[in-house]
Amino acid sequence: MFSKILIANRGEIACRVAATAHRLGVQTVAVYSDADAKAKHVQVCDEAVHVGGNTPKESYLQWQRIIDAAKATGAQAIHPGYGFLSENEEFAQACADNGLVFIGPPASAISAMGLKAESKRLMEKAGVPLVPGYHGADQDEALLQREADRIGYPVLIKASAGGGGKGMRIVEKAEDFAAALQSCKREAINSFGDDNVLVEKYVQRPRHIEIQVFADTQGNVVYLFERDCSVQRRHQKVLEEAPAPGMTDTLRQQMGLAAVNAARAVGYVGAGTVEFIVEQPGGYDKPEEMKFYFMEMNTRLQVEHPVTEAITGTDLVEWQLRVAAGEPLPKRQEELRINGHAIEARINAENPDNDFLPATGTLSIYRKPASSSFAVSEVRVDDGVREGDAISPFYDSMIAKLIVHGETREQALARLDEALSQLHIVGLPGNVQFLRRAIKTESFAQARLDTALIQREAAQLFGQSAWPVEYTVAAAVAGMLHQEEASPERDPFAQRDGWRGWGVAKRFFLFAKGEAKLDATVSYLNDGSLHLSIRPHGDYKAAPLREGIVQFAPVPGSDALEVQFAERSARLSIYRNGSAVEVFAARGHDSITWIDPLSQSEGEGEGGGLAAPMPGKVVSFAVQPGDKVKKGQPLAVMEAMKMEHTIVAPRDGVVAELLFAPGDQVMDGAELLTLGSAS
Ligand code: ADP
Ligand code: ADP
Ligand code: MG
């Protein structure tokens, strides 16, 4: 075994590899970009070498620097992780040329599987079934069109050099082919610098089932069964599970052997994945009629490898290190068994309701369920980030992988839902709630899987809220009042707008949810209880959307609050992140914006005017025309609903004109005075 390896990657996979290396007593060297100087992977490795600027091109793809770093630190081998240099044959060759072991297949195998079209030609010779299609070298456009017509529509045009779901176009009819081909070629040349394409039949309602293979330098090749990765968005995986639901022993063996043949055909060594597209001509209920076709081989460790580790009780990174060090495979085919069921959910910084647009930001709150990391257990969370870390625009938007293992699929699903409910992420948009809804759709729960599952279940997946917004308001109010009780002197909004008299006191909060604004009025009743009433903003005569007694108490031994409002009670974790209030419950998550009366007058005060944040009566002005004022200085006092509210200067300036007199009633949004610029 090696004594020291360099990990040429970042994020969760770098941490993943380091965990196994350390368990085996192997020292680790990290490499890092400017953006990653303080990243978790740098912290967990024994040594770290800076390799360049923020973008992958300036750092993680600078393979000469990485090789130099390995030599300088005395590392004997390089683990490339996934992405970056993992499927770069030049890098694999350069490692060999520099006397370093590349922890992966030989450069020749990477090269053979690197282009989809060429690898299909190879697989055809090896007798591996292919999707009917054209994968020839001749790229004449008229020929491609004829081939598409011959295959029959719909067809899929794929960039031969493509990956990560990019460079694919579905063509429904012959007339659309030429335009789709042009657009596919443009994307391919931009993304991969190679515009060769292949054309194949677009399989209807297919499943994506892939086989994990492993080969050693002694000529042994095994398969570690399958993973079903059918739940995808934009041709990218979202949920992955093993074993594939409905898989028959016969089909498993056929696919396993086809994958082993594929690996043998290219002289494969190490971990690899053979991806198949699976047709379901008999529908979801006749898995025995499934037909599989080779799609591509990924010559590296796959993101979703933990589900295979869970069901086989193996550590695939350990296998990689052993094989790279020249040891034989730890297990023979007959010794491999499937135990239980595992599901992985990819936790991404993205906005599912906005076409899964990737997001960036800071993980201001990142709380995980009780779990292991980088090792098989009932609940496992693999990540490369800590609370407070940023998800930057330079790299992939995956925050973490949540992997659950159970005796049955049902048990794994229940564990997944519970673990997702305990994963609290605040600071950037994420897909946790989307995932919870996705696993509860009938299609997923009943394992009626295909790559269109998300589209088919769209009605239940997008634009959903966990509960009526008033419960979020109640939770936010409870959270803020609780925080205020806990630390009254530190809290900026404590006592600002409370007003007590005749035994009743009221507090007002203004919230925004999308376009809607809501007023929350808290009344302190004589018996000491709190009554909360929620109305559309500014409409004090309207019937409340919901009202009732609100109660809250901390849950001992946790940071949660037990909140009761309008006949409902729930255990909630409530976090404030700037003006956002985030509410997490077993049922789901919702967030709302608290509009700070001060910052609101600030926003509306831009341009010189100062608006009343609510309808009410002007009590007094604290300034006269001509007064110089500083930002934050009180200007006027208003009263509304028996509450006094101070309006402060949004910026430095000179008071130009008072537009009302004390005692005047004003409308919501009415300007009280004008403020000229200070100079
Ligand atoms: P597939 O390529 O079939 O989607 P995976 O599901 O294993 O296979 O996805 C791996 C993909 O993640 C890579 O192809 C790559 O585009 C992307 N990637 C690259 N670098 C990283 C990284 N450091 N961390 C996470 N993902 C990465
Ligand atoms: P990538 O390198 O981007 O992973 P793949 O060839 O593995 O490209 O295809 C990615 C996804 O596109 C598959 O998982 C599947 O959902 C879909 N796909 C690929 N080929 C076909 C096909 N012939 N018919 C239908 N869907 C396909
Ligand atoms: Mg693929």
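Counting convention: from 1, in listed order, for ligands and their atoms alike.
Residue Glu296 approaches the Mg ion (ligand 3) most closely through its N/O/S atom OE2.
When each atom of ligand 2 is checked for a heavy atom of Gly164 under 4.0 Å away, the hits are 1 (P), 2 (O), 3 (O). Residue Ile277 approaches ligand 2 through these ligand atoms, each under 4.0 Å from one of its heavy atoms: 15 (C), 18 (N), 21 (C), 25 (C), 26 (N), 27 (C). For ligand 2, the atoms sitting less than 4.0 Å from at least one non-hydrogen atom of Glu200 are 20 (N), 21 (C), 22 (C), 23 (N), numbered in the order shown with element in parentheses. For ligand 2 and Gly162, the ligand atoms under 4.0 Å from any heavy atom of the residue are 2 (O). For ligand 2 and Lys201, the ligand atoms under 4.0 Å from any heavy atom of the residue are 22 (C), 23 (N), 24 (N).
Salt-bridge annotation for Arg409 and Glu241: present, with a side-chain N of the basic residue lying under 4.0 Å from a carboxylate O of the acidic one. A salt bridge links Arg380 with Asp382: the closest approach of a Lys/Arg side-chain nitrogen to an acidic carboxylate oxygen falls below 4.0 angstrom. Using a 4.0 Å cut-off between charged nitrogen and carboxylate oxygen, Glu457 and Arg437 do not count as a salt-bridge pair. Contact check on Lys201 versus Glu279 returns a salt bridge, with a Lys/Arg side-chain nitrogen under 4.0 Å from an Asp/Glu carboxylate oxygen. Salt bridge status for Glu275 with Lys237: present, with a side-chain N to carboxylate O gap under 4.0 Å.
Geometrically, ligand 2 and Met295 share no nitrogen or oxygen pair separated by less than 3.5 Å. For a threshold of 3.5 Å applied to N or O pairs, the pair formed by Gly165 and ligand 2 contains at least one separation below that value. In terms of N/O distances under 3.5 Å, ligand 2 is not approached by Leu156. For the pair Lys158 and ligand 2, the shortest N or O to N or O distance falls below 3.5 Å. For the pair Tyr202 and ligand 2, the shortest N or O to N or O distance does not fall below 3.5 Å.
Within the 4.5 Å cutoff, the side chain of Ile311 has no heavy atoms near those of the His341 side chain. Taking 4.5 Å as the limit, some side-chain heavy atom of Glu240 sits within range of a side-chain heavy atom of Arg346.
Ligand 2 has no atom lying under 4.0 Å from any heavy atom of Lys237. The shell of residues lying under 4.0 angstrom from ligand 2, judged by heavy atoms, includes Lys116.
Metal site remark for the Mg ion (ligand 3): Glu275 contributes an N, O or S atom at a distance under 2.8 Å.
Gln236 contributes a side-chain N or O that, together with a main-chain N or O of Gly164, makes up a donor-acceptor pair within less than 3.5 Å.
Between Phe214 and Tyr268, the gap from one ring centroid to the other reaches at least 6.0 Å.
Around atom CG of Asp249, no more than 12 heavy atoms belonging to other residues, nucleotides or ligands sit under 6.0 Å away.
Of the heavy atoms in Gln232, only side-chain atoms (C-beta onward) come closer than 4.0 Å to ligand 2. Only side-chain heavy atoms of Thr451 come within less than 4.0 Å of ligand 2; its backbone N, CA, C and O stay farther off.
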